Colleague: 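Handing you a structure now.
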Amino acid sequence: MTANAGPAARPPRHAGTSPRDFETFFGYAYPSVLAQAIMLCGNREDAEDATQEAFVEAYRAWDRIAGYELPEAWVRRVAVQRLWKVYRKRRTGQERLLQLPVPAQASPEQTAEAREVLRLLAVLPPRQRMTMVLFCLDGWSQQEIAVALRMTRGGVAANLAKARQTLREALGMAADRIAGEESLVAGMGKPGIGARTRWIVSRSIGLGRPADDVDPLVRRLLDAHAWLRASVEAEPQALQRARAELARRLAREAE
């Protein structure tokens with residue numbers, strides 16, 4: 001890729017599908033990855049920086065990851081690694097979410113609910129916030145989280161339990177009635193629900209189908225993510241700025 005031309009690549013063909021190009025991938029994946037990064041850290045500037053770094057890595061490895069079923073999942077993992085390097089020594093996130101535009105399709109009640117969830121996530125200790133989002137929103141296992149964040153599996157379970165308790169109490173939800181290792185944060189529904197949450201988004205702002213087997217707390221997280229993604233997409237210049245920044249970063253590397 002040249003800095004002036006914008007991202008471009010010639011990825012391998014997929015069986016039964018048309019070839020994917022990096023430019024198209026960046027356009028549809030960026031809002032979702034950025035939304036997740038904001039939920040992970042509570043700070044838009046840090047989230048944008050980590051997201052940009054993740055897409056730079058994706059561009060470098062595009063010939064390989066273009067063939068993945070979900071290359072976006074690869075980008076998300078890189079963004080998580082970048083954010084954790086920054087946030088593992090911090091006690092709380094920084095609330096900078098009020099500058100986000102309101103999606104046109106969201107009602108005032110939906111916006112208020114999403115912002116409340118985002119506010120509560122932002123003030124959780126980083127370990128609680130990140131384990132909560134990764135487990136409930138992205139469907140990572142406790143072991144995967146433990147490896148990525150260099151924690152013990154027991155530490156992950158403890159942080160998940162604390163985060164769920166805090167959020168449930170703050171949102172006026174009933175306490176969890178299931179105990180155990182993975183089930184500390186179960187109640188998410190049927191086995192495998194985590195992997196499916198990439199495609200299940202909030203029914204409330206018209207961005208996907210209902211997810212009736214998801215527990216109320218996870219549904220609130222999905223609602224908040226859907227609202228946040230729509231908010232990013234509602235900024236006319238956001239994607240344009242992101243593309244320009246990506247081109248600048250790649251140009252610096254080429255010098």
Side-chain angles (χ1 to χ4, degrees), residues 20 22-55 58 70-80 82-83 93 95-122 129-130 132-140 167 188 193-211 214 217-243 245-246:
R20 302 178 185 179
F22 185 83
E23 176 74 12
T24 300
F25 169 71
F26 182 85
Y28 82 77
Y30 179 84
S32 180
V33 175
L34 177 59
Q36 184 219 31
I38 293 173
M39 293 183 76
L40 284 167
C41 72
N43 180 306
R44 177 152 185 177
E45 291 180 3
D46 288 345
E48 287 180 338
D49 192 56
T51 300
Q52 284 287 347
E53 290 183 9
F55 276 104
L70 290 173
E72 182 179 332
W74 188 95
V75 178
R76 287 172 181 260
R77 285 182 177 270
V78 176
V80 168
R82 298 298 187 273
L83 285 172
E95 297 179 48
R96 296 183 184 177
L97 299 170
L98 297 180
Q99 301 299 319
L100 294 168
V102 175
Q105 66 268 49
S107 71
E109 293 78 13
Q110 292 158 0
T111 293
E113 289 179 358
R115 281 181 165 166
E116 176 65 4
V117 171
L118 294 171
R119 183 189 69 79
L120 292 171
L121 279 175
R129 180 176 62 251
M130 295 189 79
M132 182 74 177
V133 172
L134 291 174
F135 188 91
C136 293
L137 190 61
D138 252 22
W140 291 28
L167 291 181
M188 292 173 61
I193 186 68
R196 290 165 48 219
T197 58
R198 294 182 180 88
W199 308 110
I200 301 173
V201 291
S202 171
R203 74 172 77 182
S204 60
I205 56 175
L207 293 178
R209 66 177 180 81
V214 180
L217 180 55
V218 176
R219 186 186 296 278
R220 291 291 295 271
L221 291 172
L222 290 168
D223 286 349
H225 182 270
W227 182 93
L228 192 51
R229 175 171 182 161
S231 176
V232 172
E233 292 172 339
E235 295 183 86
Q237 291 80 32
L239 188 57
Q240 183 179 351
R241 290 196 306 268
R243 291 184 194 278
E245 175 61 22
L246 180 63

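Owing to the predicted nature of the structure, the values given are computational and were not obtained by experimental measurement.
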Colleague: Closest heavy-atom contact between Ala54 and Ala79?
Modeller: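 In this case the closest contact between Ala54 and Ala79 is CB-N, 3.7 Å.
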Colleague: Could you state the interatomic distance from CG (Leu134) to CZ (Arg129), rounded to the nearest 0.5 Å?
Modeller: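 If we round to the nearest 0.5 Å, Leu134:CG and Arg129:CZ are 11.0 Å apart.
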Colleague: CD of Glu113 to OG of Ser107: how many Å apart, nearest 0.5 Å?
Modeller: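 If we round to the nearest 0.5 Å, Glu113:CD and Ser107:OG are 7.5 Å apart.
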Colleague: For Ala35, enumerate each residue passing the side chain to side chain contact (heavy atoms under 4.5 Å, CB included) test, keeping only those at least two apart in sequence or located in another chain.
Modeller: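 Partners of Ala35 by the side chain to side chain contact (heavy atoms under 4.5 Å, CB included) criterion, ordered by chain and then number, come out as His225, Leu228, Arg229.
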Colleague: If every non-hydrogen atom of Thr51 is compared with every non-hydrogen atom of Ala47, which pair is closest and at what distance?
Modeller: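 Minimum heavy-atom separation between Thr51 and Ala47: OG1-O, 2.8 Å.
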Colleague: What's the shortest heavy-atom distance between Ala234 and Pro103, and which atoms?
Modeller: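 That would be CB-CA, 4.5 Å.
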Colleague: Fit a plane to each ring of Phe55 and Tyr30, take the angle between them on a 0 to 90° scale, and name the class: parallel (under 30°), tilted (30 to 60°) or perpendicular (over 60°).
Modeller: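 Judged by the thresholds at 30° and 60°, the geometry between Phe55 and Tyr30 is tilted.
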Colleague: State, yes or no, whether a side-chain contact exists between Glu48 and Arg44 at a heavy-atom distance under 4.5 Å.
Modeller: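 Glu48 vs Arg44: side chains touch.
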Colleague: Quick check for you: to the nearest 0.5 Å, what is the distance between Ile38 atom CD1 and Ser231 atom OG?
Modeller: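 Separation between the atoms: 7.5 Å.
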Colleague: Apply side chain to side chain contact (heavy atoms under 4.5 Å, CB included) to Glu53 and list each qualifying residue two or more places apart in sequence or on a separate chain.
Modeller: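 Counting only residues at least two positions away or on another chain, Glu53 forms a side chain to side chain contact (heavy atoms under 4.5 Å, CB included) with Asp49, Arg82, Arg249.
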Colleague: Work out which heavy atom in Pro101 is nearest to a heavy atom in Glu235; give both atom names and the distance.
Modeller: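 Shortest heavy-atom separation between Pro101 and Glu235 comes out as CG-CG, 3.2 Å.
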Colleague: Kindly compute the distance separating CG (Leu34) from CE (Met39), expressed to the nearest 0.5 Å.
Modeller: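 Between atom CG of Leu34 and atom CE of Met39 there are 12.0 Å.
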Colleague: Going through the checks in order, is the side-chain contact (heavy atoms from CB on, under 4.5 Å) test met by Gln36 and Leu83?
Modeller: CA-CA 11 Å; Gln36 184 219 31; Leu83 285 172; over 6 Å; no
Colleague: What pairs with Arg77 under side chain to side chain donor-acceptor pair (under 3.5 Å), at least two apart in sequence or on another chain?
Modeller: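 Counting only residues at least two positions away or on another chain, Arg77 forms a side chain to side chain donor-acceptor pair (under 3.5 Å) with Glu144.
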Colleague: Considering only heavy atoms from C-beta outward, does the side chain of Leu167 approach that of Val117 to under 4.5 Å?
Modeller: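 They are not in side-chain contact.
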Colleague: Does any part of the side chain of Leu137, heavy atoms only, come nearer than 4.5 Å to the side chain of Leu222, both counted from C-beta?
Modeller: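 The answer is yes, as the side chains (C-beta and beyond) meet within the 4.5 Å cut-off.
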Colleague: Please name the pair of heavy atoms, one in Gln52 and one in Ala242, separated by the smallest distance, quoted to 0.1 Å.
Modeller: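 Heavy atoms of Gln52 and Ala242 come nearest at NE2-O, 2.9 Å.
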Colleague: Could I get the full list of side chain to side chain donor-acceptor pair (under 3.5 Å) partners for Gln237, not counting sequence neighbours?
Modeller: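 Listed in chain order: nothing, the list is empty.
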Colleague: So, using salt bridge (Lys or Arg N to Asp or Glu O under 4.0 Å) as the criterion, who are the partners of Glu116 when residues are at least two apart?
Modeller: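 For Glu116, the residues satisfying salt bridge (Lys or Arg N to Asp or Glu O under 4.0 Å) (neighbours in sequence not counted) are Arg119.
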Colleague: What pair of heavy atoms forms the shortest contact from Leu221 to Cys136, and how long is it?
Modeller: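 Shortest heavy-atom contact: CD1-CB, 3.7 Å.
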Colleague: Partners of Glu72 by side chain to side chain contact (heavy atoms under 4.5 Å, CB included), sequence neighbours excluded?
Modeller: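 In terms of side chain to side chain contact (heavy atoms under 4.5 Å, CB included), with neighbours along the sequence ignored, Glu72 is linked to Phe25, Tyr28, Ala29, Ser32, Val33, Arg76.
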